[in-house]
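To start, the structure itself, in structure tokens.
Here, residue 1 is the first one in the sequence, and each next residue gets the next number. Excluded from the calculations below are hydrogen atoms, water molecules and symmetry mates; all remaining heavy atoms, backbone and side chain alike, are included.
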Amino acid sequence: MTSCDTEYNTTYVSGDADIKSFTVQEFEDQQPIQAAIVNDTIKILWVSYHDMPETITPTIVLSDKAAISPKAAVEIPFKTGEKYTVTSEAGTTKQYTLEVDFRQPQPKTAIFSTGGTIGGSSAFVYSIAGSSIDNLWFNLEQTRVYLVSAADKTTEYDCDIAYFGDGKGSNPFMNTGLYYYLPTNVPVGKYDLRIKNGEYIVRSATEANWFNFTITEPTTTAISTYIYGSTATIGGNFNIRGTKLDTLKDFFISIGSAGTRYQLEVVSRTDYSVTLKVPVGTPAGNYTSVIALKEDATQVSRSTLIIVKE
């Protein structure tokens with residue numbers, strides 16, 4: 001009687017289909033954001049002072065020998081509801097859903113403006129001596145500048161934002177700040193000046209300044225500095241802003257105040273805005289002055305930059 005020993009090799013095939021870690025780092029000066037994996041949800045708490053990106057390319061660590069779709073190095077939309085499917089070595093699957101939780105840090109800034117004229121231009125400027133800025137979210141879509149009437153503490157008037165950012169280093173947007181035009185439909189009087197930035201409303205920290213922003217009628221004809229960098233094609237239009245512009249008759253551009261003047265065609269105008277057409281035959285170039293004449297030939301000018309292209 002004989003016996004026979006038989007050996008069997010056992011191969012383990014993993015059924016684990018888990019996301020072990022999910023990390024986002026979109027900006028060099030940003031600390032990596034580690035998502036929380038809660039059951040089948042990838043939760044990202046966005047507290048960065050950077051604008052939220054439209055897409056991300058995350059770093060993902062999976063269970064051993066598991067695969068993921070979309071792949072870890074693939075760019076995906078950065079929004080709640082995006083799906084990932086993890087497939088284990090054994091073929092089992094698990095689906096994860098991205099959940100983006102935006103938590104904006106509270107913005108802090110100085111507010112210097114105390115008043116202005118209807119339709120005039122003004123600014124909050126932060127990066128000047130003695131002032132500071134912290135956590136302000138530079139996102140135009142999430143930012144609003146507005147006035148609240150002191151008369152009823154309720155009626156609101158929106159300002160038109162001309163520029164919002166960390167400054168261009170040249171006039172008129174030298175410093176970090178929010179540059180805006182005051183409303184043209186606002187009555188003269190007292191107001192509270194506010195910024196809605198994301199989830200927060202920013203106003204003066206000094207209570208004596210509340211509802212003490214004074215709006216007056218414009219008394220002078222002026223062309224805004226905020227038209228700097230306007231562009232137009234030959235035969236095309238561009239817009240200038242200012243106050244009492246209805247008193248102006250003829251408009252010109254020139255290179256320097258003593259350069260050759262090229263007359264512009266008035267397409268439309270109000271007290272606070274004029275749309276101008278660059279006539280065919282005007283040379284392309286960077287024009288550094290806008291000059292306007294009143295009926296009595298009195299001249300109003302503005303050193304600026306109007307870029308005329310072919």
Whether Arg241 engages the ring of Tyr272 as a cation-pi pair (distance to the six-membered ring centre under 6.0 angstrom, angle to the ring normal within 45°) should be assessed.
no

Are Val274 and Leu305 joined in one hydrophobic group, where the rule is that I, L, V, M, F, W and Y side chains link up if heavy atoms are under 4.5 Å apart?
no

Are the aromatic rings of Tyr163 and Tyr180 close, with centres under 6.0 Å apart?
no

Within a strict 4.5 Å, meaning less than it, do heavy atoms of the Leu264 and Phe252 side chains meet?
no

Heavy atoms, side chains only, cut-off 4.5 Å: are Val145 and Leu178 in contact?
yes

Is it possible for you to say whether Val278 and Tyr262 belong to one hydrophobic cluster, with membership spreading through side-chain heavy-atom contacts below 4.5 Å?
yes

Taking the six-membered ring for Trp and the full ring for Phe, Tyr or His, determine whether the centres of Tyr146 and Tyr157 are under 6.0 Å apart.
no

At what distance, to the nearest 0.5 angstrom, does CD of Gln95 lie from OG1 of Thr85?
4.5 Å

Over all atoms of both residues, closest heavy-atom pair of Tyr84 and Ile76
OH-CD1, 3.2 Å

To the nearest 0.5 Å, what is the distance between CD1 (Ile255) and CZ (Arg261)?
14.0 Å

Using the six-membered ring of Tyr96, assess whether NZ or CZ of Lys83 lies under 6.0 Å from its centre and within 45 degrees of the ring axis.
no

Would Glu207 and Asn209 count as a side-chain contact (heavy atoms from CB on, under 4.5 Å) here? Give the steps.
CA-CA 5 Å; Glu207 190 170 348; Asn209 294 336; over 6 Å; no

Look at atom NZ of Lys153 and say whether more than 12 heavy atoms of other residues, nucleotides or ligands are closer to it than 6.0 Å.
yes

Side chain of Thr206, backbone of Ser204: donor and acceptor closer than 3.5 Å?
no

At what distance, to the nearest 0.5 angstrom, does CG of Asn286 lie from CD1 of Ile253?
10.5 Å

Tell me, do Thr216 and Thr214 make a side-chain contact under 4.5 Å, heavy atoms counted?
yes

Are side-chain heavy atoms of Ser254 and Ile291 found at a separation under 4.5 Å?
yes

Test side-chain contact (heavy atoms from CB on, under 4.5 Å) on Val300 and Leu248; report intermediate values, then the result.
CA-CA 8 Å; Val300 177; Leu248 299 175; 3.9 Å; yes

Please name all residues satisfying salt bridge (charged side-chain N to carboxylate O under 4.0 Å, His left out) with Glu156, sequence neighbours left out, ordered by chain then number.
Arg144

In terms of side-chain heavy atoms, does Gln34 have a donor or acceptor partner in Thr23 at a distance below 3.5 Å?
yes

So, Ser63 versus Asp16: side-chain donor-acceptor pair below 3.5 Å or not?
no

Any side-chain heavy-atom pair of Ile19 and Val61 under 4.5 Å:
no

In one Ile/Leu/Val/Met/Phe/Trp/Tyr side-chain cluster, 4.5 Å: Leu136, Leu140:
yes

Taking Val86 as the starting point, is it possible to reach Ile60 by hopping between hydrophobic residues whose side chains are less than 4.5 Å apart?
yes

Side chains of Ser224 and Tyr181, donor plus acceptor under 3.5 Å:
yes

Judged by modelled atom types alone, do Thr247 and Thr221 share a side-chain donor-acceptor pair under 3.5 Å?
yes

Do Leu293 and Phe251 have side chains that get closer than 4.5 Å, going by heavy atoms?
no

Per the salt bridge (Lys or Arg N to Asp or Glu O under 4.0 Å) rule, what does the pair list look like for residues 169-193, sequence neighbours excluded?
Asp192-Arg194, Asp192-Arg203

ring-ring contact (aromatic ring centres under 6.0 Å, His included) evaluation trace for Tyr191 with Trp210:
CA-CA 8 Å; Tyr191 295 86; Trp210 297 356; over 10 Å; no

Val290 versus Ile306, closest heavy-atom pair with distance:
CG2-CG1, 3.8 Å

Nearest heavy atoms of Ile234 and Thr282, plus distance in Å
CD1-O, 3.1 Å

Under the criterion side-chain hydrogen bond (donor to acceptor under 3.5 Å, both in side chains), which of Thr184, Asp160, Asn239 is the partner of Ser273?
Asn239

Hey, could you give me the CG/OG1 distance between Leu147 and Thr155, rounded to the nearest 0.5 Å?
11.5 Å

Can you say whether the rings of Phe27 and Trp46 are parallel (under 30°), tilted (30 to 60°) or perpendicular (over 60°)?
perpendicular

Determine, stepwise, if the pair Lys20 / Leu62 fulfils side-chain contact (heavy atoms from CB on, under 4.5 Å).
CA-CA 5 Å; Lys20 299 292 188 181; Leu62 304 172; 5.8 Å; no

Looking at Thr176 and Asp166, would you say the former's side chain and the latter's main chain have a donor-acceptor pair under 3.5 Å?
yes

Do you know which two heavy atoms are closest between Tyr226 and Ala162, and how far apart they sit?
CD1-CB, 3.7 Å

Side-chain heavy atoms nearer than 4.5 Å, only ILVMFWY residues, links allowed to pass through others: does that put Ile215 and Val148 together?
no

Over all atoms of both residues, closest heavy-atom pair of Ile68 and Ala72:
CG2-N, 3.8 Å

Any side-chain heavy atom of Leu276 sitting closer than 4.5 Å to one from Val266?
yes

Applying salt bridge (charged side-chain N to carboxylate O under 4.0 Å, His left out) to Lys244 and not counting sequence neighbours gives none

Quick one: does Thr87's side chain have a donor or acceptor within less than 3.5 Å of a partner on Gly91's backbone?
no

Are Tyr179 and Phe173 an aromatic pair by the rule of ring centers under 6.0 Å?
yes

Please lay out, stage by stage, how Asn212 and Thr114 fare under the test side-chain contact (heavy atoms from CB on, under 4.5 Å).
CA-CA 7 Å; Asn212 202 29; Thr114 58; over 6 Å; no

Mind jotting down which residue pairs meet the salt bridge (Lys or Arg N to Asp or Glu O under 4.0 Å) criterion with at least one end in residues 57-69? Sequence neighbours excluded, please.
Lys65-Glu89

Just by distance, no angles: are the side chains of Thr143 and Asn197 close enough, under 3.5 Å, to form a donor-acceptor pair?
yes

Provide the closest heavy-atom pair for Ala73 versus Thr57 in the form atom of the first, atom of the second, distance.
O-CG2, 3.2 Å

Hey, what do you get for CD1 (Ile240) to OG (Ser230), rounding to the nearest 0.5 Å?
9.0 Å

Hits for salt bridge (charged side-chain N to carboxylate O under 4.0 Å, His left out) against Asp18, two or more places apart or cross-chain, chain-then-number order -> Lys94

Could you give me the CA-CA distance, side-chain angles and deciding distance for Glu75 and Thr55, then say whether side-chain hydrogen bond (donor to acceptor under 3.5 Å, both in side chains) is met?
CA-CA 6 Å; Glu75 189 176 53; Thr55 61; 2.8 Å; yes

pair Asp246-Thr270: side-chain heavy atoms closer than 4.5 Å:
no

Quick one: list whatever passes salt bridge (charged side-chain N to carboxylate O under 4.0 Å, His left out) with Asp271, sequence neighbours left out.
none

Could you check whether Asn39 and Thr41, counting side-chain N and O atoms only, form a donor-acceptor pair closer than 3.5 Å?
no

